[in-house]
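Beneath this line is the structure, given in structure tokens, with notes to follow.
Reckoned from all heavy atoms, side chains included, excluding hydrogens, waters and symmetry mates. All values derive from a computational prediction rather than experimental measurement.
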Amino acid sequence: MASEILSSSFFNKNVFPCSPIPVASQGFAQYRISRLHFANSRSNRSFRTKIFTVMQEDRPSTVKDDSKMKIPHVLTVAGSDSGAGAGIQADLKACAARGVYCSTVITAVTAQNTVGVQGVNIVPEDFVAEQLKSVLSDMHVDVVKTGMLPTIGIVKVLHHSLKEFPVQALVVDPVMVSTSGDVLAGPSILAAFREELLPMADIVTPNLKEASALLGGLQLETVSDMCTAAKLIHDMGPRNVLVKGGDLPSSLDAVDIFFDGDDFYELRSSRIKTRNTHGTGCTLASCIAAELAKGSQILSAVKAAKHYIETALDYSKDIAIGNGFQGPFDHLLKLKSNIRNSFRKQAFNPANLFLYAVTDSGMNKKWGRSITEAVKAAIEGGATIVQLREKDAETRDFLEAAKACVEICHSHGVPLLINDRIDVALACDADGVHVGQSDIPARVVRTLLGPEKIIGVSCKTPEQAEKAWIDGADYIGCGGVYPTNTKANNITVGLDGLKTVCLASKLPVVAIGGINASNARTVMEIGVPNLKGVAVVSALFDRECVLTETQKLHGDLTQAAAMVK
């Protein structure tokens with residue numbers, strides 16, 4: 001497989017001047033396989049569900065039971081790697097690590113290890129077709145990810161199968177050129193990719209050599225070249241393009257370019273020095289496919305996948321498997337990490353922002369309540385997410401209280417966030433952190449917390465909201481909407497400012513600042529779809545009975561939401 005040091009932590013959106021460069025035709029070296037490489041993705045393509053009834057003489061008919069839990073499902077169509085660092089084996093491990101079911105269609109069987117590929121046996125096209133029909137006709141696949149497609153016939157078979165059995169998304173990893181530069185697909189295969197597969201793809205993920213091959217040998221040596229390549233490949237039909245620059249000679253960082261047809265995004269991080277990079281390409285694509293199958297948007301899926309790769313590479317940088325120049329890495333590091341397994345957060349649900357309760361140490365002291373008592377009362381009253389904002393508490397006391405609050409929140413299925421204090425959030429295994437504009441940037445918080453934690457950012461302007469999205473935040477808190485006593489010198493944005501930010505934001509929004517029972521309904525009735533709720537402090541916690549106040553406010557918000565609908 002082609003190896004790369006992949007970027008993941010820092011995300012910057014830039015529009016590059018990308019004037020098209022003429023693509024010159026160029027011959028290709030003799031078809032020879034020395035490594036495999038794969039990838040995948042997904043988008044909002046129409047999804048058609050087929051239910052097949054299997055009839056046998058001595059058995060009752062079998063039909064789909066819609067009452068059963070739906071498991072996200074990725075089908076990988078790729079080659080087998082006997083060394084298990086890449087190919088089908090890497091896809092299976094990557095999907096397992098991301099919590100997604102993965103089925104397989106094998107296109108080739110290889111004899112390979114960390115030294116190289118010793119042999120390849122291509123699966124007959126009619127049997128590839130039989131595998132595809134078996135899975136797609138029965139197992140309700142969400143996303144298909146492709147890897148090694150060694151013949152024109154197999155490309156055509158896949159194209160026909162996806163026409164017959166459409167899926168939500170197609171992720172194409174154009175496995176063409178090995179790390180050592182060997183061409184894995186001749187000109188005829190490239191033509192089949194361009195004509196048959198790329199127009200169906202929701203994302204295509206070439207590395208530099210593969211992008212160059214798709215473009216007839218175009219040299220790619222700079223970030224600007226990568227941008228140009230992404231635009232030219234996008235013109236071939238895929239909805240999104242990710243050009244991976246792990247081998248970019250002119251960059252000290254690992255830089256990748258994501259292009260969605262309108263904007264270019266520069267995804268940059270430090271390189272990880274390790275020999276254990278075998279299978280990074282197919283793993284990245286499989287992770288993108290997994291996140292898409294779980295419902296993520298395309299850029300969010302890419303970010304999550306790249307962060308997973310970076311984390312796995314760093315964790316595995318010193319392991320030793322095999323004697324070759326390029327070893328595998330450990331996909332299942334999460335199973336070995338010291339993480340409590342009693343509560344596992346699902347994908348962030350914007351609906352949790354509906355009644356966002358923010359605690360205050362001064363108010364708790366005034367009313368003679370502990371943090372845990374305040375949180376328990378708010379949850380029982382209907383709070384849908386809790387943020388601990390305890391500015392005056394000692395760190396040791398705060399941490400102990402936070403651990404207790406995590407247990408309370410998780411027992412009710414409610415996420416708990418920590419305001420500003422990343423150290424406390426990590427120590428108590430909270431669900432995430434909320435930061436302000438003067439705190440640690442969200443992109444750094446994401447690096448520290450990882451892809452699965454929730455990150456919120458306080459924003460007052462569309463520009464701040466845009467940056468929060470690029471940096472990997474999950475939601476923004478917009479305000480103060482009204483004047484408030486809980487934050488000195490806080491500039492208010494009013495309802496008009498709130499609406500402006502909501503309309504500009506690509507993230508869900510919770511309104512913050514001065515919101516109480518008298519104005520919460522007015523805030524929710526501004527009628528902007530991505531305004532998901534209100535955050536309140538004194539309206540809940542500077543009251544004698546937190547439970548009663550939370551119940552009342554929850555009822556008001558429910559009525560307001562019904563009116564908006």
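The side-chain heavy atoms of F258 and I298, taken from C-beta on, include a pair separated by under 4.5 Å. Counting heavy atoms from C-beta on, the side chains of V445 and L448 never come closer than 4.5 Å. Two residues are said to be in side-chain contact when any heavy atoms from C-beta on lie closer than 4.5 Å; I371 and S361 fail this criterion. The shortest side-chain heavy-atom distance between K294 and R98 falls under the 4.5 Å cut-off. Side-chain atoms of Y475 and P350, non-hydrogen and from C-beta on, never get closer than 4.5 Å to each other.
Between L355 and G382 the shortest heavy-atom distance is CD2-O, 3.9 Å. Across all non-hydrogen atoms, the minimal contact from D420 to V435 is OD1-CA, 3.9 Å. Considering every non-hydrogen atom in both L284 and I309, the closest pair reads N-CD1, 3.7 Å. Closest of all the heavy-atom pairs between L399 and A427 is CD1-CB, 3.5 Å. The minimum heavy-atom distance linking H554 with F354 is given by the pair NE2-CE2, 3.9 Å. Among all heavy-atom pairs drawn from A374 and F541, the shortest one is O-CE2, 3.6 Å.
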Steps toward side-chain contact (heavy atoms from CB on, under 4.5 Å) verdict (F398, I418) = CA-CA 10 Å; F398 186 20; I418 306 295; 4.1 Å; yes
Run the side-chain contact (heavy atoms from CB on, under 4.5 Å) check on L242 and V302 step by step: do they pass?
-> CA-CA 9 Å; L242 179 69; V302 171; 4.0 Å; yes
Begin with the C-alpha distance, continue with both residues' side-chain angles, and end with the deciding distance and a verdict on side-chain contact (heavy atoms from CB on, under 4.5 Å) for L299 and Y265.
-> CA-CA 9 Å; L299 183 55; Y265 298 83; 4.1 Å; yes
Worked check of side-chain contact (heavy atoms from CB on, under 4.5 Å) between M363 and V537 | CA-CA 9 Å; M363 294 174 191; V537 188; 4.0 Å; yes
For the pair E291 and S300, evaluate side chain to side chain donor-acceptor pair (under 3.5 Å) and give the outcome as yes or no after the intermediate values.
-> CA-CA 8 Å; E291 296 305 312; S300 296; over 6 Å; no
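D91 has a carboxylate O that lies under 4.0 Å from a charged side-chain N of K145, or vice versa, which qualifies the two as a salt bridge. We find that D202 and R239 are joined by a salt bridge, their nearest charged nitrogen and carboxylate oxygen being less than 4.0 Å apart. Under a 4.0 Å N-O distance rule, the pair R446/D474 qualifies as a salt bridge. We find that K467 and E463 are not joined by a salt bridge, their nearest charged nitrogen and carboxylate oxygen being 4.0 Å or further apart. Salt bridge present: K453 and D429 bring a charged side-chain N and a carboxylate O closer than 4.0 Å.
Distance alone, capped at 3.5 Å, is enough to place a donor-acceptor pair between the D142 side chain and the H73 backbone. Side chain of T550 to main chain of G381: no donor-acceptor pair is present (N/O by atom type, distance under 3.5 Å, no hydrogens or angles). Checking side-chain atoms of K244 against main-chain N and O of T205 turns up a donor-acceptor pair under 3.5 Å. For E407 (side chain) and A404 (main-chain N/O), no donor-acceptor pair under 3.5 Å exists by modelled atom type. Although no hydrogens or angles enter the test, the distance criterion places no donor-acceptor pair under 3.5 Å between the side chain of D256 and the main chain of L267. For S505 (side chain) and L507 (main-chain N/O), a donor-acceptor pair under 3.5 Å exists by modelled atom type. Between the side chain of D397 and the main chain of E394, no donor-acceptor pair closer than 3.5 Å is present.
L553 CG to S518 OG: the interatomic distance, rounded to the nearest 0.5 Å, is 10.0 Å. Rounded to the nearest 0.5 Å, atoms CG (L75) and SG (C102) are 7.5 Å apart. Residue L353 holds its CG atom at 11.5 Å from CD1 of I512, rounded to the nearest 0.5 Å. Between the OG1 atom of T359 and the CZ atom of R369 there is a distance of 11.0 Å, given to the nearest 0.5 Å. For the atom pair CG (L388) and CG (L417), the distance works out to 8.5 Å, reported to the nearest 0.5 Å. How far CD1 of I408 is from CD of E380: 9.0 Å, rounded to the nearest 0.5 Å.
In the displayed structure, K460 atom NZ is contacted under 6.0 Å by more than 12 heavy atoms of other residues, nucleotides or ligands.
Looking only at atom types and distance, the side chain of N240 has no donor-acceptor partner in the side chain of H234 under 3.5 Å away. When only modelled atom types and interatomic distance are considered, R421 and T395 share a side-chain donor-acceptor pair under 3.5 Å.
Among the candidates Q437, H434, Q464, the single residue satisfying the side chain to side chain donor-acceptor pair (under 3.5 Å) test with S458 is H434.
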